[in-house]
Engineer: 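Quick one: this structure, given as structure tokens, is what I'll be asking you about.
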Amino acid sequence: MRLDIVSIFPEYFAPLDVSLIGKARERGTLDVHVHQLRDWAHDVHKTVDDTPYGGGPGMVMKPEVWGEAIDTVIAAGPQGPDGGLPRMIVPTPSGRPFSQELAQELAGEPWLLFACGRYEGIDSRVMAEYSSRLRVDEVSIGDYVLAGGEVAVLVMVEAVGRLLPGVLGNAQSAVDDSFAPGSMQNLVEGPVYTKPPVWRGHEVPAVLLSGHHGNVARWRRDEAIRRTVRNRPELAAAIDPATLDKHDRKLLEELSFRLQPEDMAN
Ligand code: SAM
């Protein structure tokens, strides 16, 4: 997968050299290109922002600079019969929520272009202009406001990168993760333990030492359901009833977590 990232702080992306993502780059699974937006600003101060139309505090990023930057990045990309065009991701608190489902979808793309906003964001005409040529998604990583898009892009690149083939040492890890499609859809993972079996008087649950795979799987699912109901009731409420077995339903009743009456009848 090719990634192009445009930012006024390219140094923010040093972490992409380490750990899983760094190794994926070394192996060539991820081909990352980070660009300094100011390289496309032509005045002596390398200005990338201006005052907002309509007034108000803060500055807005200029469309001409972004336009030149994006045109150049696209032109320098893997053109040709199979090259295609990138899918453009613009981080913004007003975007659609980033999720494991969107990470999975993006992991299937050959080329992503991230445009990191600063100040009050990027002039909206930039997204309008490229929407006619590329798939453009404005994406939020959560209901809070960061100072810039760089950290949001690091979050997305890590979530997407670990899903690429061969990046995780054990491919099963991603299948068992919180939010993974399938049996973990709408569930967060339960607690995890390693050796020793007793630490400062805290014992590892006996079932995990039993070697009984069926009981271990059941216990893990129960704990995932308990934790989801406790920490993320809105996720639990959206569980597809068709994914629940009798035992799951009984546990939800014990937890006084009510599905819709018609769902309980099935
Ligand atoms: N005025 C904007 C608003 O209220 O929607 C916030 C701008 S924020 C200070 C500057 C930049 O940080 C945004 O353009 C975006 O790139 C990034 N950013 C801030 N919060 C974000 C979030 N929750 N998700 C993704 N990007 C975010």
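Just follow the structure's listing: the first ligand is 1, and inside any ligand the first atom is 1. Here, residue 1 is the first one in the sequence, and each next residue gets the next number.
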Engineer: Could you check which of Val90, Leu146, Val151 puts a non-hydrogen atom nearest to atom 8 (S) of ligand 1?
Structural biologist: Leu146
Engineer: Could you check whether Glu26 pairs with Lys23 (Lys NZ or Arg NE/NH1/NH2 to Asp/Glu carboxylate O, under 4.0 Å)?
Structural biologist: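 Salt bridge: no.
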Engineer: Does Tyr119 reach ligand 1 with a nitrogen or oxygen that is under 3.5 Å from one of the ligand's nitrogen or oxygen atoms?
Structural biologist: no
Engineer: So for ligand 1, is Ile122 a polar contact partner (N or O within less than 3.5 Å, distance only)?
Structural biologist: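 Looking only at distances, the answer is no, because the N/O contact criterion of under 3.5 Å is not met.
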Engineer: Mind listing the side-chain donor-acceptor pairs of residues 101-108 below 3.5 Å, one per line with the distance, residues two or more places apart or on another chain?
Structural biologist:
| from | atom 1 | to | atom 2 | distance (Å) |
| --- | --- | --- | --- | --- |
| Glu105 | OE2 | Arg87 | NH1 | 3.0 |
| Glu105 | OE2 | Arg87 | NH2 | 2.8 |

Engineer: Would Glu234 and Arg232 pass as an ion pair if we require N to O under 4.0 Å?
Structural biologist: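 Salt bridge flag = yes for Arg232 with Glu234.
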Engineer: Tyr144 versus ligand 1: do any nitrogen or oxygen atoms come within less than 3.5 Å of each other?
Structural biologist: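 It does: an N or O of Tyr144 is found under 3.5 Å from an N or O of ligand 1.
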Engineer: Just list the side-chain donor-acceptor pairs under 3.5 Å for residues 182-201, sequence neighbours left out, or say none.
Structural biologist:
| from | atom 1 | to | atom 2 | distance (Å) |
| --- | --- | --- | --- | --- |
| Asn186 | ND2 | Leu235 | O | 3.1 |

Engineer: Does any N or O atom in Pro91 lie less than 3.5 angstrom from one in ligand 1, N or O only?
Structural biologist: yes
Engineer: Starting from atom 24 (N) of ligand 1, find the nearest protein heavy-atom neighbour and note its residue, name and distance.
Structural biologist: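 In this structure, atom 24 (N) of ligand 1 has Ile141 N, 3.1 Å as its nearest protein heavy atom.
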Engineer: Would a 4.5 Å heavy-atom cut-off, applied to side chains only, mark Phe13 and Cys116 as touching?
Structural biologist: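 Yes - at least one pair of side-chain heavy atoms lies under 4.5 Å apart.
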Engineer: With a heavy-atom distance limit of 4.0 Å, tell me whether Ala152 approaches ligand 1 through its side chain, its backbone, both, or neither.
Structural biologist: side chain
Engineer: Would you check whether Thr92 has a nitrogen or oxygen atom less than 3.5 angstrom from a nitrogen or oxygen atom of ligand 1?
Structural biologist: yes
Engineer: Please work out whether any backbone atom (N, CA, C, O) or any side-chain heavy atom from C-beta onward of Val139 is under 4.0 Å from ligand 1, and answer side chain, backbone, both or neither.
Structural biologist: backbone
Engineer: Taking 4.0 angstrom as the limit, do Asp43 and Lys62 come out as a salt bridge?
Structural biologist: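 Looking at Lys62 together with Asp43, the answer is no, because their closest N to O distance does not fall below 4.0 Å.
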Engineer: Could you tell me whether Glu253 and Arg249 have a side-chain N and a carboxylate O separated by less than 4.0 Å?
Structural biologist: no
